[in-house]
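Numbering of residues begins at 1 and proceeds along the displayed sequence. Numbering of ligands and ligand atoms starts at 1, following listing order.
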Amino acid sequence: SETGSLSIIVLGASGDLAKKKTFPALFNLFHQGFLSPDEVHIFGYARSKITDEELRDKIRGYLVDEKNASVKYEALSMFLKLIKYVSGPYDSEEGFKRLDKAISEHEISKKTSEGSSRRLFYLALPPSVYPPVSKMIKAWCTNKSDLGGWTRIVVEKPFGKDLESAEQLSSQIGALFEEPQIYRIDHYLGKELVQNMLVLRFANRLFLPLWNRDNIANVQIVFREDFGTEGRGGYFDEYGIIRDIIQNHLLQVLCLVAMEKPVSLKPEHIRDEKVKVLQSVIPIKDEEVVLGQYEGYRDDPTVPNDSNTPTFATTILRIDNERWEGVPFILKAGKAMSSKKADIRIQFKDVPGDIFKCQNQGRNEFVIRLQPSEAMYMKLTVKQPGLEMQTVQSELDLSYMQRYQGVSIPEAYERLILDTIRGDQQHFVRRDELKAAWEIFTPLLHRIDKGEVKSIPYKQGSRGPAEADQLLKKAGYMQTHGYIWIPPTL
Ligand code: BG6
């Protein structure tokens, strides 16, 4: 593996994403020994004129909590010492020249042994400044080639607002950096059970013959949160739930559920298959969409009083290929709902010629619970234990908390940042993949923006509009009544 100096530059260092996700992930990597203090230096860059110490104070509280502070105390102060702050505007040569100087000084100081100059730029910034910032990085801050190594940039959604703006952004960045240098983060791809999808599907004989339209009735990919937009109303109102969750996070999950087996595990082979499945999705029909907006959403002073922005959506995607024709993929996401969870629910068809007459008791379902309480469980019908011959719904349950006691599941960002350092693009969105994802949703999004598809009000803390449940029923989803899987507790 590569050695030599590694500079991680967090642009937008005092923003929300940096404080809540980027720095904590870097700290955890450091704490686990993945970032060696002999090689690594971390730079924060932002506009505000603060000192190194002030930046450290701003982020310290996000790195440890009361419970682990004493264990991590030593690591914490070592980590904070690695952070240097440079202030400057996002479009000025002068600021980026100073940044380059700071990085170069560090590279020289760490050049004790042979090694390279690795520079990772993490853009924890709004996409409107991606183009100027990328330009500045390219002009002033790329690695010094005589040292070997690389320059990479990490960007995060929203990548544009529709197909056109996304393509524009892609070509602006693409004119400056090569695709292998660009890491588009979708943090759902860093979740443990999302990463498990390909193993599950392609390493288990049990699933191979069942995973198709002959056996599967419908697939649901669901995200719920039990809180509203909470202070992010201004951002959210411009985007809405489809751009915030469905077009990226849930669609990425859909790719992994629906794609064909890749030729190998090489990142390009995997991403090729994801693109193919996205390209097989046919245009979304208005009657297969239900939008909702929770009551009280517009009370946020940053949200216009007549906003039609959905905070909830159910949309049905149809994949027009040999494996999936006729199987609805139901993507559903909502804020201010009754619970907080994300799961994939694969519902199988009824048993033909059912001699037990147990159809109305429930169909087989295979559920992958992404969060919280990571688990996979398979709902099946068994004989009710006892003297009578009766059937009942039960489950085969693989709950991670129970099965993998003492194993701590890494945070999505931790894993993904490590991949950016190692140069593995498997869990990042490729440019053509992003384009295909926007192609699916752009016509619908434009109609919503024009007010041609309306959001139905729903109560906070509810299941969303009743129309969404009716749509599910129409699509053939059969809810199992009277049976709930209860995650085991230790
Ligand atoms: C972000 C969205 O991408 O994902 C947020 O912008 C959302 O609105 C968050 O709350 C959910 O992430 P997670 O990992 O908590 O499911």
The atoms of ligand 1 lying under 4.0 Å from a heavy atom of K335, numbered in the order shown, are 5 (C), 7 (C), 8 (O), 10 (O)
Within 45° of the axis and under 6.0 Å from the centre of the six-membered ring of Y239, does NZ or CZ of K161 qualify? yes
One finds that the ligand 1 atoms under 4.0 Å from a non-hydrogen atom of H249 are 1 (C), 3 (O), 4 (O)
For E225, the atoms of ligand 1 under 4.0 Å from one of its heavy atoms are 7 (C), 10 (O), 11 (C)
Checklist line | Donor-acceptor pair between T311 and Y458 side chains, under 3.5 angstrom | finding: yes
Note to self: Taking the six-membered ring for Trp, are F27 and Y62 closer than 6.0 Å centroid to centroid?
What the structure shows: no
Nearest non-hydrogen protein atom to atom 16 (O) of ligand 1, with distance, is Y188 OH, 2.4 Å
Numbered in order shown, the ligand 1 atoms found under 4.0 Å of a heavy atom of K157 are 1 (C), 2 (C), 3 (O), 6 (O)
Atom 12 (O) of ligand 1 has as its nearest protein heavy atom H187 NE2, 3.1 Å
Heavy atoms of A217 and R363 approach each other most closely as CB-NH1, 3.5 Å
Looking only at heavy atoms, the pair that brings M376 and N196 closest together is CE-ND2, 3.0 Å
Within 4.0 Å of some non-hydrogen atom of D244, the atoms of ligand 1 are 2 (C), 5 (C), 6 (O), 8 (O)
Note: ligand 1 atoms sitting under 4.0 Å from heavy atoms of K191 are 13 (P), 14 (O), 16 (O)
What one should report as the nearest heavy-atom pair of F159 and I185 is CZ-O, 4.0 Å
Nearest heavy-atom contact between S134 and I173 is OG-CG1, 4.1 Å
Within the 4.0 Å heavy-atom cut-off, what F236 brings close to ligand 1 is neither
